[in-house]
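Let me begin by presenting the structure, written as structure tokens, before commenting on it.
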Amino acid sequence: MKYKHWFFDLDGTLARTGEDIVVAWKGALQAMGRDLTNFDKVFKIGPTLEKIVYELYDDATPQLVEDLMAKFKPLYDESGFPNTVPYAGIPELLAAIRAAGGKCYIVTNKRHRATQLIAKKFGWDRTMDGIWSYDSFETKYKKPELLAKLLTELKVDAADAVMVGDTKGDVETGKANKTATIGVTYGYGTSEEVASADYVFSAAGDIAKNLLI
């Protein structure tokens, strides 16, 4: 196996989560009487909730962010995530990494509670070697800083680690920490976003075929 430590983004990399996120967002916005005219044009999966609000509305304020998040969180967290599913080949890839002696982790911009609930739904709370969100610690970390903290605390050599994700931010996170990078094109990012990754794959099964031999 080429790398022992595998750090995975969640949304758009391990699981297709978008449908449930959109339903909860629209429910929260409608409850507050906000205009949804530009929602489908502007909204995208990946950024933190705070960033999304500021991208959606020119009149966004810290109070609006707080109010919308307060509406969104229970709608999403208590939904049971009925439309959220792992991407094809992901369960097999994770099992293959573990069978080969590797370790799997989740590193995500998704909130800690939602991440833990989704992980529990798929049994990842028992099989992952670690699950961290940007708000898992008292200090809220951007993804590059979060990965840096984890590499240090886990005493992982960056040369023996790989960051896997579907967005430019995921690739940049790995590169900033000198890990290898895998860009996947089946998620919410674009092929152009992950073109600079060390490896680019269009299917999870291809990762196993090429890097677990």
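With hydrophobic clusters built from ILVMFWY side chains whose heavy atoms lie under 4.5 angstrom apart, M1 shares a cluster with L93. A continuous path of ILVMFWY side-chain contacts below 4.5 Å connects L10 to Y76, so both sit in one hydrophobic cluster. Following chains of ILVMFWY side-chain contacts shorter than 4.5 Å, one cannot reach F72 starting from L75, and the two form parts of different hydrophobic clusters. Both M32 and Y54 belong to a common hydrophobic cluster when Ile, Leu, Val, Met, Phe, Trp and Tyr are linked at side-chain heavy-atom distances under 4.5 angstrom. By the criterion of side-chain heavy atoms lying less than 4.5 angstrom apart, applied directly or through intervening Ile, Leu, Val, Met, Phe, Trp or Tyr residues, I90 is grouped together with I207 in one hydrophobic cluster.
Closest non-hydrogen pair, K120 versus D125, comes out as CA-OD1, 3.5 Å. Heavy atoms only, all atoms of each residue included: A161 and T179 are closest at O-CB, 3.5 Å. The minimum heavy-atom distance between L94 and C104, with the atom names listed, is CD2-SG, 4.0 Å. The minimum heavy-atom distance linking F81 with A114 is given by the pair CZ-O, 4.3 Å. Residues V200 and V194 approach most closely at CG2-O, 3.3 Å, considering heavy atoms. Between D206 and S202 the shortest heavy-atom distance is OD2-OG, 4.0 Å.
Ring geometry for Y3 against W6 counts as perpendicular: the plane angle is over 60°, on a 0 to 90° scale with 30° as the lower cut. Between F7 and Y105, the two ring planes are parallel [angle under 30°; tilted spans 30° to 60°]. Taking the six-membered ring for Trp and thresholds of 30 and 60 degrees, F122 and W124 have ring planes inclined between 30 and 60 degrees apart.
Atom CG in L36 sits 5.5 Å away from atom CG in L29 (nearest 0.5 Å). From I182, atom CD1 reaches atom OH of Y199 across 7.5 Å, with rounding to the nearest 0.5 Å. Rounded to the nearest 0.5 angstrom, K142 NZ and K51 NZ are separated by 8.5 Å. In this structure, I52 CD1 and I45 CD1 are separated by 6.5 Å, a value rounded to the nearest 0.5 Å. Here Y188 contributes atom OH and D9 contributes atom CG; the two are 10.5 Å apart, rounded to the nearest 0.5 Å. In this structure, CD on E192 lies 11.5 Å from NZ on K168, to the nearest 0.5 angstrom.
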CA sep, side-chain torsions, deciding dist, call: V171, E193, side-chain contact (heavy atoms from CB on, under 4.5 Å): CA-CA 8 Å; V171 175; E193 284 188 62; over 6 Å; no

Criterion salt bridge (Lys or Arg N to Asp or Glu O under 4.0 Å) on K26 and D40, from CA distance to verdict: CA-CA 10 Å; K26 288 185 174 180; D40 292 329; 3.3 Å; yes

Carefully, step by step, assess D35 and T37 under the rule side-chain hydrogen bond (donor to acceptor under 3.5 Å, both in side chains). CA-CA 6 Å; D35 182 19; T37 301; 2.6 Å; yes

Go through it in stages, so that I can follow the logic: the residues are V53 and W25, the test is side-chain contact (heavy atoms from CB on, under 4.5 Å), and I'd like the CA-CA distance, side-chain angles, deciding distance and then a yes or no. CA-CA 10 Å; V53 176; W25 262 112; 3.5 Å; yes

I would like to know whether D170 and T173 meet side-chain hydrogen bond (donor to acceptor under 3.5 Å, both in side chains); could you show each step before the answer? CA-CA 5 Å; D170 295 320; T173 291; 5.3 Å; no

Yes or no on side-chain contact (heavy atoms from CB on, under 4.5 Å) for L56 and L68, after CA distance, side-chain angles and deciding distance? CA-CA 12 Å; L56 281 172; L68 278 173; over 6 Å; no

Verdict with supporting geometry, D67 and Q63, side-chain contact (heavy atoms from CB on, under 4.5 Å): CA-CA 6 Å; D67 292 344; Q63 187 61 53; 2.8 Å; yes

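I21 places a side-chain heavy atom less than 4.5 Å from the side chain of K110. For the pair W132 and F137, the minimum side-chain heavy-atom distance is below 4.5 Å. For the pair Y87 and R16, the minimum side-chain heavy-atom distance is below 4.5 Å. Looking at heavy atoms from C-beta onward, L14 lies in side-chain contact with M128 at the 4.5 angstrom threshold.
Under the 3.5 Å distance criterion, with hydrogens and angles disregarded, no donor-acceptor pair is assigned to the side chains of T108 and T115.
Checking L147, T13, N177, D198 one by one against M163, the side-chain contact (heavy atoms from CB on, under 4.5 Å) holds for a single residue, L147. The residue from L154, D129, I97, D160 that alone fulfils the side-chain contact (heavy atoms from CB on, under 4.5 Å) condition with K103 is D129.
Dense packing is recorded around NZ of K149, with more than 12 heavy atoms of other residues, nucleotides or ligands lying under 6.0 Å away. More than 12 heavy atoms of other shown residues, nucleotides or ligands fall within 6.0 angstrom of atom CG in D59. Annotation: K71, atom NZ; neighbour count of heavy atoms from other residues, nucleotides and ligands within 6.0 Å does not exceed 12.
A donor-acceptor contact shorter than 3.5 Å links the side chain of D135 to the backbone of H112. In this structure a side-chain-to-backbone donor-acceptor pair under 3.5 Å is present from T61 to L64. Between the side chain of K73 and the main chain of R113, no donor-acceptor pair closer than 3.5 Å is present.
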